[in-house]
Amino acid sequence: MAVSSFRSGRLPLFHHPQLPNKAASAACTTRSIGGFKKPNWRFSSNPNCGRAVFLFAQYSQPSQAQTQQDRFSSRLQSSLENLPKLLEDIVQTSISTGPRGALRLAQGIQAFVGVGGEWLADVSRSTNEPTGIPSQLQLGLLSPLYLRKLFERMGATYIKLGQITFCQFIASAPTLFPPEYVEEFQKCFDRAPAVPFEDIQAILREELGRPIDSIYEYIDPTPIASASIAQVHGARLKGSQDDVVIKVLKPGIKDILVADLNFIYIAARILEFLNPDFSRASLVGIVKDIRESMLEEVDFNKEATNIESFRRYLEVMGLTRQATAPRVYNYCSTRRVLTMERLYGVPLTDLDSISSLVSSPENSLITALNVWFGSLLACETFHADVHAGNLWLLRDGRIGFLDFGIVGRISPKTWAAMEVFLASIATEEYESMASALIEMGATNQNIDSKAFARDLEKIFSSIQASIELDTEVVVATARGTNTNATAVSANIIVDERQMNALFLDVVRVSESYGLRFPREFALLMKQLLYFDRYTRLLAPDMNMLQDQRITIVSNRRRSNYRDNLR
């Protein structure tokens, strides 16, 4: 039987092959459709067209306006049902915030005025340019650059929020944020004015409950570092004469975090209430995760526990001659004060200094990789911030792991999928890669794994071509200047841009197939990107994922590792 085209909401007309198409078409267009009703099947013959039998159904489709009205009614009913819970959350959160909210509002206005002044000055300078005002300036404070500056001025919460956008928001809801904002917020710089030393002394006396000079023989009043949350001072212990560093939580920081995070939570609840798209992206769930991780970072007791777990892993596995983490002095550490052994060394990006300390920078990198990969399975948490400031080559040749404020927890399921994912990157087996990502991601859809694999292959092929091109440029630059410094600097910039772009592309194409990844996947990927950068600097000929000297421990040995630590 041939099938004719249909119009006016009528099902296709099935007709005898000997019938002229003109007769069939006429029958299709001369019947009107009634109201919305159940299909009424009936047979009809056309005497003018010979022997023929027509099968068709009368039905009607709801109008577009009716459909929109039904959706609106359903959404309205759902919103009204959720409204009491929303109001209850707002009231309870506001009560828990208290007067801190008013203070933060005043500080927010001050930050807004400051960045607004910068924007006006930049606009004024651009008006005389022949090209006119750049598009970024035309967006005002909503442009990626000025919004990032506003976050930095707002302090600890918003700096941390900008820094973890890569890991939490992007892994869970990549389409909520345009790529230019993601790229800009990764530049959030965690630097803050130093708190006066008198305030630091007051916190030490309050927390330790005894005279400072009964514990420390000397404290350097000039801080080693001052970030948004904490300030670090060098010191020497009384009696043992051990060199230490004292990490002190800045005054009022926890109150600021609570007030800011409560405001962000309320904003997320309202956005989800008004726009179901945010609800499907689990915006409130993401904010809750961020709140939990941020508040953990300001509890130095938890950081001390993370450090001691890592040191115990090194001891049990016989790795203390290859790597270390600072010893914690518990008798002079509290929730707001952390006293640790002072380590001396250089970041893994300082190629010249590393070459002066060890004969083989490549071997040092292999040690760092093996120690970190082993800790993924041996420890309850893993170091989730191995940037160059936290991963050093020490003067004695060991690898030093510093700052355990940000850690991750990996489930057996995620690690099993991660193993396959890493192996497939090394072997370029994209179907295995797609299967691993599907296993790792949360989805309620049936996914075409072969199409997914083809899309992943396109991403990795384009990135590989770009890397080869940029590597040639870096080498040429170095030869022209007769120095390694330019090549090292250029290589870091190239790797940062390319690796972040690779990760974001993988997450976005996965999201297009309905996949959403857990935070631990993003944390793992970010650390691997750091190690990839160190590999390009210290061992450019080594394949991190294929080198037989690097051990990526499987889940089968996971329980044995942890049993040894108990």
Side-chain angles (χ1 to χ4, degrees), residues 155-157 159-160 163-164 188-238 240-258 293-311 324-345 347 381-392 394 400-407:
T157 310
I159 290 173
K160 291 295 179 184
Q163 290 175 329
I164 63 178
C188 272
F189 192 44
D190 193 358
R191 182 179 62 187
V195 171
F197 186 56
E198 293 76 15
D199 294 346
I200 296 296
Q201 289 176 309
I203 294 173
L204 290 173
R205 281 191 293 267
E206 178 185 347
E207 287 293 309
L208 301 177
R210 69 185 94 167
I212 295 175
D213 58 10
S214 69
I215 302 173
Y216 306 102
E217 182 174 290
Y218 168 77
I219 300 177
D220 189 346
T222 303
I224 296 173
S226 177
S228 57
I229 285 178
Q231 190 161 302
V232 179
H233 288 261
R236 184 176 299 116
L237 291 177
K238 196 163 189 174
S240 68
Q241 300 293 299
D242 290 346
D243 285 348
V244 296
V245 293
I246 311 171
K247 186 176 181 179
V248 182
L249 189 70
K250 288 187 172 180
I253 283 298
K254 187 168 184 180
D255 286 344
I256 290 173
L257 285 178
V258 169
S293 62
M294 280 192 183
L295 293 181
E296 278 191 3
E297 198 173 343
V298 297
D299 185 348
F300 292 163
N301 285 331
K302 292 185 177 180
E303 182 173 352
T305 299
N306 296 334
I307 295 172
E308 288 170 348
S309 174
F310 187 81
R311 285 175 58 86
T324 190
R327 171 190 171 190
V328 175
Y329 294 85
N330 290 307
Y331 74 90
C332 47
S333 295
T334 69
R335 184 179 59 82
R336 298 171 63 198
V337 174
L338 184 59
T339 303
M340 299 171 287
E341 171 189 7
R342 185 168 188 175
L343 301 178
Y344 295 93
T381 60
F382 65 88
H383 196 306
D385 197 22
V386 291
H387 63 71
N390 292 338
L391 192 60
W392 288 7
L394 305 182
F401 288 81
L402 288 72
D403 194 347
F404 284 73
I406 301 177
V407 296

**Student:** Answer yes or no: is there a donor N or O on one side and an acceptor on the other, between the side chain of Asn390 and the main chain of Asp385, under 3.5 Å?
**Tutor:**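 Present.
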**Student:** Looking at OH of Tyr218 and CD of Gln241, how far apart are the two atoms once the value is rounded to the nearest 0.5 Å?
**Tutor:**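 Interatomic distance, Tyr218 OH to Gln241 CD, rounded to 0.5 Å: 13.5 Å.
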**Student:** State, with a plain yes or no, whether a side-chain heavy atom of Thr305 is found less than 4.5 Å away from one of Asn301.
**Tutor:** no
**Student:** Rounded to the nearest 0.5 Å, how far apart are CD1 of Ile253 and CD of Glu297?
**Tutor:**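 If we round to the nearest 0.5 Å, Ile253:CD1 and Glu297:CD are 11.0 Å apart.
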**Student:** Nearest heavy-atom pair of Asn306 and Phe404: which atoms, and what distance?
**Tutor:** ND2-O, 3.3 Å
**Student:** Heavy atoms only: give me the nearest Ala235-Tyr216 pair and the separation to one decimal.
**Tutor:**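 So the minimum-distance heavy-atom pair works out to CB-CD2, 4.2 Å.
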**Student:** I need the minimum non-hydrogen distance between Ala194 and Ser226, along with the two atoms involved.
**Tutor:** CA-OG, 3.4 Å
**Student:** What's the verdict on side chain to side chain contact (heavy atoms under 4.5 Å, CB included) for Phe300 and Lys247, showing C-alpha distance, side-chain angles and the deciding distance?
**Tutor:** CA-CA 9 Å; Phe300 292 163; Lys247 186 176 181 179; 3.9 Å; yes
**Student:** Side chain to side chain contact (heavy atoms under 4.5 Å, CB included) between Lys238 and Ile215: does it pass, once the steps are laid out?
**Tutor:** CA-CA 6 Å; Lys238 196 163 189 174; Ile215 302 173; over 6 Å; no
**Student:** Taking all atoms of both residues into account, what is the closest heavy-atom pair of Trp392 and Leu343, and its distance?
**Tutor:** CZ3-O, 3.5 Å
**Student:** Is there a side-chain contact between Ile203 and Leu249 (heavy atoms, below 4.5 Å)?
**Tutor:** no
**Student:** If you round to the nearest 0.5 Å, how far is CG of Leu391 from CG of Asp403?
**Tutor:** 12.0 Å
**Student:** With a cut-off of 3.5 Å and sequence neighbours excluded, list every side-chain donor-acceptor pair involving residues 325-335.
**Tutor:**
residue, atom, partner, partner atom, Å
Tyr329, OH, Asp242, OD2, 2.8
Asn330, ND2, Glu308, OE2, 3.0
Ser333, OG, Tyr329, O, 2.8
Ser333, OG, Thr339, N, 3.0
Thr334, OG1, Glu207, OE1, 2.7
Thr334, OG1, Arg336, N, 3.2
Thr334, OG1, Val337, N, 3.2

**Student:** First locate atom CZ of Arg236, then atom CD of Glu217, and finally report the distance between them rounded to the nearest 0.5 Å.
**Tutor:** 6.0 Å
**Student:** Dump the intermediate steps for side chain to side chain contact (heavy atoms under 4.5 Å, CB included) on Glu303 and Val407, then the final yes or no.
**Tutor:** CA-CA 9 Å; Glu303 182 173 352; Val407 296; over 6 Å; no
**Student:** A side-chain contact here means heavy atoms from C-beta on lying under 4.5 Å apart; do Met294 and Val298 qualify?
**Tutor:**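 The answer is no; the side chains never approach within 4.5 Å.
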**Student:** Strictly distance-based, threshold 3.5 Å: is any side-chain N or O of Lys250 a donor or acceptor partner for the main-chain N or O of Ala227?
**Tutor:**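 The answer is yes, because a donor-acceptor pair under 3.5 Å joins these two groups.
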**Student:** Do the non-hydrogen side-chain atoms of Thr324 and Phe401 ever get within less than 4.5 Å of each other?
**Tutor:** no
**Student:** Could you give the distance from CZ (Arg342) to CD1 (Ile224), rounded to the nearest 0.5 Å?
**Tutor:** 3.5 Å
**Student:** Indicate yes or no for a side-chain donor-acceptor contact from His383 to the backbone of Leu402 under 3.5 Å, with no hydrogens or angles considered.
**Tutor:** yes
**Student:** Dump the intermediate steps for side chain to side chain contact (heavy atoms under 4.5 Å, CB included) on Leu295 and Asp299, then the final yes or no.
**Tutor:** CA-CA 7 Å; Leu295 293 181; Asp299 185 348; over 6 Å; no
**Student:** Say whether, by atom type as modelled, one donor and one acceptor occur between the side chain of Gln231 and the main chain of Ile200 under 3.5 angstrom.
**Tutor:**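 Side chain of Gln231 to backbone of Ile200, a donor-acceptor pair under 3.5 Å: no, none is there.
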